[in-house]
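Predicted model only: the values in this text are computed from it and were never measured. All ligand and atom numbering here is 1-based and tracks the order in the structure.
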Amino acid sequence: MTTAALRTVASPASAADERRAYYDRIRPLHLTPLWESLHALVPREPQTPCAPALWRYDAIRPLLMESAELITADEAVRRVLVLENPAIPGRSSITQSLYAGLQLIMPGEVAPSHRHVQSALRFIVDGTGAYTTVGGERTTMHPGDFIITPSWAWHDHGNEGIEGVSEPVVWLDGLDIPMVRFFDAGFAENDDAKVQHVARPEGHSLARFGHNMVPLRHDHTSATSPIFNYPYARSREALAQLQRQEAPDAWLGHKLRYINPLTGGSPMPTIATHLQLLPRGFVGKTHRATDGAVYSVVEGRGTAHIAGQRFDFAPRDTFVVPSWAPLELVASDEVVLFSFSDRPVQQAMGVLRESFD
Ligand code: GTQ
């Protein structure tokens with residue numbers, strides 16, 4: 001009898017034993033049978049290990065302030081509490097592709113100049129009077145400002161206060177750390193100087209690129225927007241006018257995406273950013289997308305229903321909506337939300353999917 005004929009008469013139990021024995025024999029050669037994992041490798045739809053979650057700022061702020069007693073910004077280099085997705089602890093990730101953290105800088109402190117391949121966004125959550133210097137230009141932080149540190153740009157942060165105000169400043173850091181780790185493409189270095197030499201006046205980038213006009217001759221070639229501070233006052237005004245002039249989208253309310261004025265694409269090559277207004281009493285329809293997103297609540301109270309779980313949010317809270325999780329947004333007050341995701345990368349790969357029920 002041939003081996004094939006023998007197998008057809010073998011009992012299911014012995015067939016399983018035979019397979020296991022075979023897997024044991026191929027393992028030392030670093031081989032593994034695809035047919036055992038195909039369903040997980042190529043799922044019918046996204047099967048994220050990430051959970052929806054919300055971080056209440058009221059609970060975190062005292063702990064952040066306590067961290068300032070433990071370590072200086074200088075010693076820490078970056079004094080940040082990382083927001084870890086509760087379902088994937090130990091990976092410093094809020095989604096599979098994104099990192100988020102709350103960074104604190106006290107009056108008089110400096111977070112020393114360094115640069116790295118990872119791109120960063122700063123969304124200012126609490127306090128005024130800190131600054132960041134990016135590639136020789138300084139910008140003052142105000143709550144709601146969306147600030148970018150492009151890949152490989154020198155950056156230092158400080159808090160010198162402004163107009164007599166001297167207070168702790170906290171911002172939400174959003175970085176593509178997990179993506180860069182995935183590609184094993186990370187480089188970093190410290191600057192010789194703790195604080196960068198400021199080479200251009202404050203507001204220079206915004207004057208050149210931030211008024212729906214760009215200089216005829218410029219040498220900006222980077223994949224990141226030439227604007228590195230998108231001030232809240234302006235974005236908020238756009239939403240206020242839209243709210244007066246048109247009905248909200250049934251799913252998103254009034255939602256605008258930030259753009260790179262040179263391309264119309266996202267301001268950062270790896271991260272898309274949005275600002276969204278939900279009118280008071282808004283009850284959004286359910287939608288989902290393959291780009292898991294991180295939300296920072298700027299104004300108002302409301303509720304996010306994420307994959308069947310209810311999260312009541314208040315200003316300065318952060319919440320995460322995992323990939324393909326159904327999301328429904330409800331506004332008790334007039335609500336403003338900032339959000340970011342890995343959308344540009346999924347678009348470049350041609351894999352972004354969205355559904356609006
Ligand atoms: O400000 O440069 O939250 O390098 C994580 C890594 C912030 C920063 C983070 C960083 C920074």
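Taking the charged nitrogens against the carboxylate oxygens, Glu189 and Arg115 do have a contact shorter than 4.0 Å, which makes a salt bridge. A salt bridge does not link Glu36 with Arg19: every distance from a Lys NZ or Arg NE/NH1/NH2 to an Asp or Glu carboxylate oxygen is 4.0 Å or more. A salt bridge is defined here as a Lys NZ or Arg NE, NH1 or NH2 lying under 4.0 Å from an Asp or Glu carboxylate O, and Arg353 with Glu45 fails to meet this definition.
Tested against Phe146, the residues Phe340, Phe338, Tyr232 include a single ring-ring contact (aromatic ring centres under 6.0 Å, His included) partner, Phe338. Remark: of the listed residues Asp191, Thr133, Val134, Thr133 is the sole one forming a side-chain contact (heavy atoms from CB on, under 4.5 Å) with Asp156.
Nearest non-hydrogen protein atom to atom 5 (C) of ligand 1 is Tyr99 OH, 3.4 Å. Regarding atom 7 (C) of ligand 1, its nearest protein heavy-atom neighbour is Asp173 OD2, 3.3 Å. Nearest protein neighbour of atom 6 (C) of ligand 1, counting heavy atoms only, is Leu175 CD2, 3.9 Å.
Residue contacts with ligand 1, taken as heavy atom pairs separated by less than 4.0 Å, involve Arg122 solely via side-chain atoms from C-beta onward.
Comparing Arg78, Gln103, His116 against atom 4 (O) of ligand 1, the shortest heavy-atom distance belongs to His116.
The His114 neighbourhood of ligand 1 comprises atoms 2 (O), 4 (O), 8 (C), with distances under 4.0 Å to a heavy atom of that residue. Close contacts between ligand 1 and Val80 involve ligand atoms 3 (O) [criterion: under 4.0 Å to a heavy atom].
In this structure, the ring of Phe311 has its center no less than 6.0 angstrom from the ring center of Phe319.
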